[in-house]
Amino acid sequence: MILGAGQAPGKVILFGEHAVVYGRPALAVPISQVAANAQVESGAPGSGLIIEAIDLAHCFTLAQAPDGDPLAAAVHLALAHLGLEAPDWRLTVHSTIPIASGLGSGAAVSAAIMRALAHAAGQELLPETLSALVYEVEVLYHGTPSGVDNTVIAHGRPVYFVRGHAPQVFPIGRPFRLAIADSGIGSLTKVTVGDVRLGWQRSPERFEKLFDDIGQIVEAARAAIASGEPDRLGPLMDANHELLVEMGVSCPQLDRLVAAARSAGAGGAKLSGGGRGGNMIALVSAETAGPVAEALREAGAVRVIVTPVGEYGRGPTLIHQPGR
Ligand code: PMV
């Protein structure tokens with residue numbers, strides 16, 4: 001018998017990557033086309049809590065979880081918060097969020113698990129509480145997480161983030177669509193972050209100006225999203241991309257994807273995340289989504305996700321989030 005279910009979306013950085021390391025703001029948004037799902041069923045008496053990670057073909061009891069397993073960590077934290085000893089439950093977890101690609105897969109899996117367990121226990125997990133619990137798992141596995149992923153994913157809202165300050169959730173005035181394309185090139189964020197630091201040390205004035213310009217773009221984008229004018233995001237994405245190119249964190253393949261998206265009718269496009277590989281994003285409409293996705297694949301994207309941003313009210317994501 002199914003006792004509870006939970007879902008959580010992925011996330012993508014919309015504006016402000018790299019400059020955010022230097023105190024400027026950044027924006028990240030939830031993406032609902034990819035999601036983590038968890039389900040709790042009743043288990044056999046005495047079975048304990050069984051965790052089954054479907055994508056990894058991995059199944060174990062909580063009592064015998066591998067050392068340092070992040071799913072078990074999420075379960076332990078949730079059970080402690082809910083005031084439960086491990087019940088005889090079977091928890092299954094499945095995610096369509098690509099892993100290790102800046103789309104928030106780890107935080108989403110934790111959030112889905114916690115929502116499913118709370119649902120099964122007949123308890124409510126408010127977004128703030130869920131965000132804090134997911135952050136605890138992130139701290140265990142990512143050292144010093146910024147707090148963006150857990151906030152975006154737990155609230156299912158855009159987040160405005162300034163380093164050293166609590167992330168601020170804000171509403172989306174009107175939904176919009178993004179195409180997210182993976183360049184297929186592996187790139188370590190810490191390498192591009194290190195190179196930007198070298199550039200900044202050599203030419204502080206030039207880099208400070210780039211960061212300031214990006215900061216202004218982020219402010220304009222936040223206003224456009226909140227006031228329901230997403231069309232204004234396209235030119236802002238183009239401008240942000242050019243500044244990232246000047247910063248030296250793009251690469252020919254990302255530039256090719258950005259150009260292909262624009263030629264196929266996207267309102268604007270930019271790299272997203274660390275750069276020199278990884279993902280890019282393009283602003284699309286219902287009409288341009290298909291042609292843009294096709295153009296991105298032709299230009300070498302290994303995966304294209306077209307996703308609405310800001311369409312709420314579907315699926316179990318909302319189960320424990322009253323007031324929406
Ligand atoms: O690698 P991602 O997609 O999680 O994004 C990194 C964002 C940077 O601003 C480049 C680095 C950071 O720590 O904020």
Side-chain angles (χ1 to χ4, degrees), residues 9-31 34 70 97-111 134-135 137-139 141-153 158-168 178-200 207-208 210-215 217-218 221-222 237 240-241 243-251 253-254 257-258 269-282 301-303 305 307 309:
K11 78 103 209 330
V12 76
I13 296 183
L14 208 51
F15 292 99
E17 50 275 272
H18 287 290
V20 72
V21 175
Y22 298 82
R24 274 61 164 194
L27 285 185
V29 292
I31 48 169
V34 286
I97 307 173
I99 56 169
S101 63
L103 298 184
S105 148
V109 164
S110 296
V134 171
Y135 184 76
V137 183
E138 297 280 285
V139 168
Y141 296 96
H142 305 292
T144 50
S146 64
V148 168
D149 285 20
N150 53 290
T151 309
V152 177
I153 283 162
V159 161
Y160 172 91
F161 177 75
V162 179
R163 224 179 155 133
H165 297 263
Q168 289 174 34
L178 290 178
I180 304 169
D182 187 340
S183 65
I185 302 166
S187 170
L188 291 175
T189 295
K190 69 174 179 196
V191 172
T192 51
V193 167
D195 287 351
V196 170
R197 184 155 299 271
L198 283 178
W200 174 71
F207 274 73
E208 285 293 330
L210 292 171
F211 301 151
D212 281 343
D213 290 350
I214 290 176
I217 289 172
V218 172
R222 175 186 175 151
M237 288 164 83
N240 195 161
H241 185 72
L243 293 165
L244 289 163
V245 169
E246 283 182 44
M247 215 182 274
V249 294
S250 192
C251 63
Q253 290 89 337
L254 281 171
L257 293 178
V258 164
K270 65 182 278 294
L271 70 85
S272 170
R276 299 241 185 93
N279 287 291
M280 58 74 70
I281 54 176
V302 295
R303 181 184 54 236
I305 297 164
T307 183
V309 178

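The residues of the chain are indexed from 1 along the displayed sequence. All figures in this text were calculated on a predicted structure; none of them were measured in a lab. For ligands, and for the atoms within them, numbers begin at 1 and follow the listed sequence.
The aromatic rings of Y22 and F211 lie parallel to each other, with less than 30° between the two planes, well short of the 60° mark.
Close approach of ligand 1 to G274 is summarised as follows: ligand atoms under 4.0 Å from at least one heavy atom of the residue are 1 (O), 5 (O), 6 (C), 10 (C). Below 4.0 Å from some heavy atom of G102 lie the following atoms of ligand 1, by number and element: 3 (O). The distance from ligand 1 to the heavy atoms of G273 drops below 4.0 Å at these ligand atoms: 3 (O), 5 (O). Every atom of ligand 1 is numbered from 1 in the order shown, and the set under 4.0 Å from a heavy atom of V20 is 9 (O), 14 (O).
Residue-level proximity to ligand 1 for I13 is carried by the side chain, the only part with a heavy atom below 4.0 angstrom.
When the shell of 6.0 Å around CD1 of I99 is examined, it contains 12 or fewer heavy atoms from other residues, nucleotides or ligands.
Atom 8 (C) of ligand 1 has as its closest protein heavy atom H18 N, 3.9 Å. Counting protein heavy atoms only, atom 12 (C) of ligand 1 is closest to V21 CG2, 3.9 Å.
A heavy-atom distance below 4.5 Å is found between the side chains of K270 and L244. Taking 4.5 Å as the limit, every side-chain heavy atom of R24 sits out of range of all side-chain heavy atoms of I214. Counting heavy atoms from C-beta outward, V12 and T307 have side chains that stay 4.5 Å or more apart.
Residue T189 has at least one nitrogen or oxygen atom sitting less than 3.5 Å from a nitrogen or oxygen atom of ligand 1, judged on distance alone. Note: no N/O pair closer than 3.5 Å links E17 and ligand 1 by distance alone.
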side-chain contact (heavy atoms from CB on, under 4.5 Å) assessment of H18 paired with V193
CA-CA 7 Å; H18 287 290; V193 167; 3.8 Å; yes
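Looking at every heavy atom in both residues, G104 comes nearest to I153 through O-CD1, 3.5 Å.
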